2 protein chains.
Amino acid sequence: MTVSTRRTQDQRSTETRRLLLAATVQMLMDVGYANTSTAGIAKRAGVSRGAQTHHYPSKMALIVAATEEMFANFAAGLEALAADMRSGALDYDTFFEAVWDEVLKGDWFYSSLEIIVAARGDTELREQLAPLILDLHERLEAIWSQTFVAVSPDAITPRVALNLALNVFRGMAVQAVLRRDEGYFREMLMALKVMLASHVKPATGTA
Amino acid sequence: MTVSTRRTQDQRSTETRRLLLAATVQMLMDVGYANTSTAGIAKRAGVSRGAQTHHYPSKMALIVAATEEMFANFAAGLEALAADMRSGALDYDTFFEAVWDEVLKGDWFYSSLEIIVAARGDTELREQLAPLILDLHERLEAIWSQTFVAVSPDAITPRVALNLALNVFRGMAVQAVLRRDEGYFREMLMALKVMLASHVKPATGTA
DNA sequence: ATTTAAAAACAGGCTGATTTGTTTTTATGA
DNA sequence: TCATAAAAACAAATCAGCCTGTTTTTAAAT
């Protein structure tokens with residue numbers, strides 16, 4: 001179709017930024033932070049080097065913007081799963097498996113792991129990302145508090161218990177880089193559920 | 001002292017390799033994998049580029065050798081702590097805190113995290129490291145089995161429980177990169193102990 | 001409504017610095 | 001004397017950021 005619709009400047013900018021951010025996350029997933037270059041991102045996004053630096057003047061600006069969007073997307077996805085469970089559309093087991101599945105097979109966890117580890121060796125990057133992680137944690141803790149209750153007054157609180165669960169998922173996902181053992185995952189998830197069940201339950205009665 | 005003792009060739013080689021491996025781990029800790037270069041390692045080790053490539057012809061060879069030694073050191077350190085607890089020289093709480101302390105403040109976990117994450121984006125590196133992680137896991141599981149017993153026949157096995165604990169530590173340490181919150185660590189460790197206590201205890205009666 | 005000027009978006013190449021691996025030369029140990 | 005370890009220089013490739021020029025969109029003037 002040769003008819004070309006004129007786009008506004010804002011539409012052009014938004015589209016270019018979207019392409020760059022998506023290409024950034026995809027490249028982090030595919031080849032890791034150490035092998036992610038600004039030229040490689042521009043190529044994958046199908047935009048020029050000039051357009052790339054016009055919108056994101058430095059590699060760090062690009063990485064931080066991609067991280068911000070990724071964190072927002074993860075929190076939104078987790079909130080959607082939690083809302084489904086609160087409403088009864090999803091049971092506890094399915095919720096639990098879906099979160100682990102998202103960590104292992106989604107494109108959030110590993111790309112954010114790449115960035116977090118890169119930030120460990122880069123003070124400036126770490127400083128720029130620290131507020132983003134605080135914001136994400138606040139959103140996660142709001143989700144836990146809305147979605148789970150303690151099974152008894154002296155049980156571990158949902159906030160602590162679900163953060164512990166998320167740490168187990170993180171630890172398993174790191175280990176999965178070099179050793180992908182579905183049997184090991186299975187038994188770890190089973191053990192985690194057993195341990196959690198002594199302390200928290202969903203706010204609905206679906207457990 | 002200007003007197004210099006003549007060293008054997010083997011002593012010279014061993015010393016150069018030791019310097020290179022130590023410098024590799026130190027640089028990974030200090031600046032991360034993405035900022036670790038072979039020239040930087042040689043400089044920190046105080047050896048020339050030629051000596052470096054004589055012993056380790058590629059960056060990957062250097063990284064793999066450093067990983068192998070690091071994994072061996074970690075397993076040995078953990079085994080020493082476990083032996084102390086089995087012998088009664090260390091109680092359970094102290095053992096537990098010492099392991100977490102080693103993960104957070106020692107130079108094993110973060111340098112291995114840097115390497116594991118780098119391996120995620122590098123198929124060849126991943127293939128070379130996979131056997132090393134299998135070996136490490138076997139050593140860890142031998143330590144768990146020798147050091148802990150289940151509190152009852154239907155409790156979670158020590159192998160699974162302690163691997164879960166290690167995953168919690170890994171997850172916490174990843175999160176600590178951007179958010180170092182001692183209060184959060186404290187409550188996570190307390191919660192973990194409570195959960196573990198329902199399933200495992202030390203093979204000695206010191207708990 | 002049309003034209004023109006200004007601003008923004010974009011394209012592609014360039015530069016200095018850095019990287020890893022290779023080659024040649026030198027020093028040391030056997 | 002020979003072999004090995006080490007030093008130093010070199011080559012080619014890659015990197016991020018910057019630059020100049022072009023195209024598209026917007027705003028102002030007529």
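Letters A, B, ... mirror the listed sequences (proteins, then strands); counts begin at 1. If you're wondering where the values come from, they're calculated on a predicted model, not measured in any experiment.
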Cation-pi geometry met for A:Lys193 and A:Phe95 (6.0 Å, 45°): no
Contact class for A:Ser37 vs. all strands (heavy atom < 4.0 Å): base, sugar-phosphate, or nothing?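 Sugar-phosphate only.
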Are any of [X]'s side-chain N or O atoms less than 4.0 Å away from OP1 or OP2 of [N]?
{"X": "B:His54", "N": "D:dA5", "answer": "yes"}
{"X": "A:Ser48", "N": "C:dA11", "answer": "yes"}
{"X": "B:Thr38", "N": "C:dG21", "answer": "no"}
{"X": "B:Thr8", "N": "C:dG29", "answer": "no"}

Treating B:Ser112 as the side-chain partner and B:Phe109 as the backbone partner, does any N or O pair qualify as donor plus acceptor under 3.5 Å? yes
Would the distance check show the side chain of B:Glu79 and the main-chain N or O of B:Ala76 forming a donor-acceptor pair, the cut-off being under 3.5 Å? no
Go through B:Gln175 and A:Asn163 one step at a time and tell me if the side chain to side chain donor-acceptor pair (under 3.5 Å) criterion holds. CA-CA 11 Å; B:Gln175 185 166 312; A:Asn163 276 342; over 6 Å; no
Stepwise, does the salt bridge (charged side-chain N to carboxylate O under 4.0 Å, His left out) test hold for A:Glu97 with A:Arg186? CA-CA 10 Å; A:Glu97 305 265 348; A:Arg186 187 56 44 199; 3.3 Å; yes
What's the closest nucleotide to the [X] side chain, out of [options]?
{"X": "B:Val47", "options": "C:dA11, D:dA5, D:dA7", "value": "D:dA7"}
{"X": "B:Gln9", "options": "C:dT22, C:dC10, D:dT4", "value": "D:dT4"}
{"X": "A:Arg12", "options": "C:dT20, D:dA6, C:dA9", "value": "C:dA9"}

Which whole-number value in Å describes the distance from [X] [atom1] to [N] [atom2]?
{"X": "B:Tyr56", "N": "C:dT20", "atom1": "OH", "atom2": "P", "value": "16 Å"}
{"X": "B:Arg49", "N": "D:dA6", "atom1": "CZ", "atom2": "C1'", "value": "13 Å"}
{"X": "B:Lys43", "N": "C:dT19", "atom1": "NZ", "atom2": "C1'", "value": "15 Å"}
{"X": "B:Leu20", "N": "C:dT20", "atom1": "CG", "atom2": "C1'", "value": "15 Å"}
{"X": "B:Tyr33", "N": "C:dT19", "atom1": "OH", "atom2": "P", "value": "13 Å"}
{"X": "A:Ile41", "N": "D:dG17", "atom1": "CD1", "atom2": "C1'", "value": "14 Å"}
{"X": "B:Asp10", "N": "D:dA3", "atom1": "CG", "atom2": "P", "value": "19 Å"}
{"X": "A:Gln52", "N": "D:dC15", "atom1": "CD", "atom2": "P", "value": "12 Å"}

Does the C:dG29 base have a donor-acceptor partner in the side chain of B:Arg7 within less than 3.5 Å?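 Flag unset: no donor-acceptor pair detected.
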Please figure out whether A:His55 or B:Lys59 has its closest DNA chain C nucleotide nearer the 5' end. A:His55
Nearest-nucleotide wise, let me know which of A:Pro57 and B:Gly50 is further upstream toward the 5' end of DNA chain D. B:Gly50
